[in-house]
Amino acid sequence: LDLKQLTEAEAAQRAAALRPQLLQWGKEYYENDQPSVPDAEYDQAYNQLVQLETAFPAIVTPDSPTQRVGGQVDSEFTKVPHPIPMLSLGDVFSADELNEFVVRLQKDYPAVQEFNCELKIDGLSISLRYEQGRLVQGSTRGNGLIGEDITANVKTIASIPQRLSRPIDIEVRGECYMGKDAFLKLNERRELEGKSTFANPRNAAAGSLRQLDPKVTAARHLSTFMYNVADYDDLETTTQSGLLAELKELGFSVDPDYQVAHTLDEINAYIEKYQAQRDQLSYGIDGIVIKTNSLALQTEIGHTVKVPKWAIAYKFPPEEAHVKIDAIEWT
Ligand SMILES: NC(=O)c1cnc(OC2CCCC2)nc1N
């Protein structure tokens with residue numbers, strides 16, 4: 001988008017075309033968790049609109065999506081602040097990019113010698129707060145700083161312990177997801193009821209979790225895998241792999257497929273193993289997460305506003321593409 005070539009009238013025209021599109025996509029995403037376009041496409045269009053309105057302030061309209069502070073978040077849910085932000089993950093899409101990330105990290109921090117490899121569960125992030133070992137609050141990630149209160153809903157999820165094995169104060173974070181079977185059965189039922197079906201398990205999980213009626217959530221067979229804590233001081237362990245073992249001891253559902261790796265070869269072997277097993281897993285994964293195993297080093301390395309600098313997500317090619325390619329080969 002070359003702003004310098006545009007007149008104000010042309011900019012206004014482009015902005016006027018982008019706004020309804022973004023409002024429609026935003027509605028799909030925020031109100032019924034069924035975005036019809038990937039986040040990247042939404043973000044690109046949104047950023048284009050921001051650029052146009054920044055370059056030509058006179059074209060801004062009050063109803064423009066850029067004028068909603070903090071994005072259109074559900075009005076029905078109570079807001080929950082995350083004093084310790086819920087970070088997302090930086091992505092890489094090739095072995096070379098992954099190699100660059102690991103080599104760069106070890107160049108900047110030679111002490112990084114051990115990694116924890118985890119499956120990247122394709123669900124949505126939640127945070128669970130416990131006081132003296134009892135579940136007091138559940139919330140969504142939201143924008144990382146402010147989420148939605150879904151306490152009543154998380155209480156209906158079987159894999160989430162109402163009471164921990166130790167009476168501690170702790171805030172645990174992880175992924176809420178819908179298994180492939182539960183997803184297929186839900187869509188079959190919705191078809192029979194003449195309702196719209198969910199495009200994928202992640203949308204189904206998000207739509208089921210952000211229900212105002214907990215009874216609806218209860219009927220959706222949601223699952224969880226927990227993988228992080230807001231404050232490491234709550235635990236004895238000094239490593240990410242140890243953290244997962246401790247979360248399991250506390251009573252949480254933890255994905256057992258994690259593995260410590262010491263070299264890029266071991267990381268790549270883990271990736272190949274689970275890229276091959278992906279279709280056999282009972283839940284959707286969209287990649288692999290590689291983390292610095294030492295919690296002390298994670299703290300030292302730190303994070304940007306949005307993502308940790310001590311972890312990376314290696315993303316698989318989208319499953320749909322995978323299926324289509326097979327179909328083409330067979331036709
Ligand atoms: N989808 C996943 O399975 C997943 C997501 N996130 C993380 O780690 C967070 C913890 C701090 C920043 C990233 N781990 C995972 N396994």
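Counting convention: from 1, in listed order, for ligands and their atoms alike. Everything numeric here is computed off the predicted structure, so don't read it as measured data.
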*asked:* Show the nearest heavy-atom pair for residues Phe77 and Asp149, with the distance to one decimal.
replied: CD2-O, 3.4 Å

*Arg19: what forms a salt bridge (Lys or Arg N to Asp or Glu O under 4.0 Å) with it, not counting sequence neighbours?*
Glu53

*Who pairs with Gln5 by side chain to side chain donor-acceptor pair (under 3.5 Å), at least two apart in sequence or on another chain?*
Asp2

*Is the count of non-hydrogen atoms from other residues, nucleotides or ligands lying under 6.0 Å from Gln13 atom CD greater than 12?*
no

*Can you measure from CZ (Arg173) to OH (Tyr227) and round to the nearest 0.5 angstrom?*
9.5 Å

*Could you list the residues that satisfy ring pair (Phe, Tyr, Trp, His ring centres under 6.0 Å) with Tyr177, not counting sequence neighbours?*
Phe225, Tyr283

*Name the residues with a heavy atom less than 4.0 Å from ligand 1?*
Ser88, Leu89, Glu118, Leu119, Lys120, Ile121, Glu175, Tyr227, Asn228, Val289, Lys291, Pro308, Trp310

